[in-house]
Amino acid sequence: VFINSSHYWILCAAAIAYFLYRPAYYSPSYPTILNWILIGLFCLAELMNFACHIVLRNLRPEGTKNRGIPYGWGFGLVSCANYFWEIISWLSFAIFINCITGYLFLVVSSVQMSLWALKKHARYNKEFNGQEGALKLSLIHISEPTRPERISYAVFSLKKK
């Protein structure tokens, strides 16, 4: 809780606010359409993040210790889709404000969420290993459409064995 709160309240709120609201700040002169695309991307990513949290909340039926495998809202692409969508939202925000502390916040947040994602991968591997319908985990999954089978290039997705 401390790491999550400190990086949001200190790095995001204080550091970004200082540079964003100081008299020397000039907003980027992007074309209007790019501004709307960035705002739309931010809103879409936040809605997707919210949907992922609903999926995660409903994985464990009340009164049981059983957990389900997350599906939908990006979980078919990445195992920690909520982190993926949050990173996309902060990326669009950083580009929109074009402030050094916005990019710094993006990097710090992405690294922290990647560390959390790795811990979740280990838990998913331990919890679902060998079970019917268990998922093979990787951090970032990219399929090559020209190949007969999927190929994972790095490590964030869940794909069926």
Side-chain angles (χ1 to χ4, degrees), residues 1-22 25-62 67-125 127-128 135-143 150 152-160:
V1 173
F2 176 76
I3 291 173
N4 195 17
S5 297
S6 64
H7 104 271
Y8 275 108
W9 288 103
I10 295 170
L11 189 56
C12 181
I16 291 176
Y18 170 76
F19 283 99
L20 197 58
Y21 295 114
R22 67 190 171 109
Y25 174 76
Y26 292 99
S27 61
S29 57
Y30 298 137
T32 304
I33 188 70
L34 181 57
N35 285 330
W36 284 112
I37 289 170
L38 290 169
I39 291 168
L41 182 60
F42 178 84
C43 292
L44 175 67
E46 286 298 314
L47 286 171
M48 295 297 282
N49 187 12
F50 176 73
C52 289
H53 282 283
I54 299 298
V55 167
L56 292 171
R57 180 192 70 186
N58 294 329
L59 283 180
R60 182 175 290 165
E62 194 171 323
R67 185 189 326 265
I69 298 171
Y71 291 102
W73 305 110
F75 284 107
L77 301 173
V78 293
S79 61
C80 296
N82 53 317
Y83 298 152
F84 173 77
W85 293 116
E86 188 168 347
I87 290 169
I88 296 297
S89 68
W90 288 118
L91 173 65
S92 64
F93 177 77
I95 294 169
F96 184 77
I97 65 170
N98 198 28
C99 174
I100 189 69
T101 51
Y103 293 112
L104 178 63
F105 178 75
L106 171 65
V107 169
V108 170
S109 298
S110 298
V111 167
Q112 184 59 57
M113 286 184 270
S114 295
L115 293 173
W116 290 335
L118 290 172
K119 289 179 184 177
K120 284 189 179 190
H121 289 303
R123 190 181 78 222
Y124 283 146
N125 276 330
E127 196 168 349
F128 298 116
L135 300 171
K136 183 177 178 183
L137 299 172
S138 58
L139 188 57
I140 296 174
H141 173 76
I142 301 170
S143 295
R150 291 179 165 185
S152 291
Y153 289 103
V155 164
F156 240 128
S157 101
L158 298 172
K159 66 178 185 177
K160 287 193 177 189

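Treat the numbers as computed from the prediction; the structure is a model and nothing was measured.
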Worksheet item: Which pair of heavy atoms, one from Leu106 and one from Ile87, lies closest together, and at what distance?
Response: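 Reported closest heavy-atom pair: CD1-O, 3.8 Å.
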Worksheet item: Are there more than 12 heavy atoms of other residues, nucleotides or ligands under 6.0 Å from atom CD1 of Ile100?
Response: no
Fill in: Over 12 non-hydrogen atoms of neighbours within 6.0 angstrom of CH2 in Trp73
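Count not over threshold, so no.
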How far does [atom1] of [X] sit from [atom2] of [Y], to the nearest 0.5 angstrom?
X: Phe105; Y: Gln112; atom1: CZ; atom2: CD; value: 11.0 Å
X: Leu56; Y: Lys120; atom1: CG; atom2: NZ; value: 5.5 Å
X: Tyr21; Y: Cys99; atom1: OH; atom2: SG; value: 11.0 Å
X: Ile54; Y: Asn49; atom1: CD1; atom2: CG; value: 10.5 Å

For residues 25-48, dump all side-chain donor-acceptor pairs below 3.5 Å to protein atoms at least two apart in sequence or in another chain.
{"from": "Tyr25", "atom 1": "OH", "to": "Ile97", "atom 2": "O", "distance (Å)": "2.5"}
{"from": "Tyr30", "atom 1": "OH", "to": "Ile95", "atom 2": "O", "distance (Å)": "2.7"}
{"from": "Glu46", "atom 1": "OE2", "to": "Ser89", "atom 2": "OG", "distance (Å)": "2.7"}

Discussion item. Could you work out, with side-chain contact (heavy atoms from CB on, under 4.5 Å) as the rule, every residue matching Ala15, not counting sequence neighbours?
Written reply: Leu11, Thr101
Worksheet item: With side chains defined as the heavy atoms from C-beta onward, is the minimum distance between Trp116 and Cys80 less than 4.5 Å?
Response: no
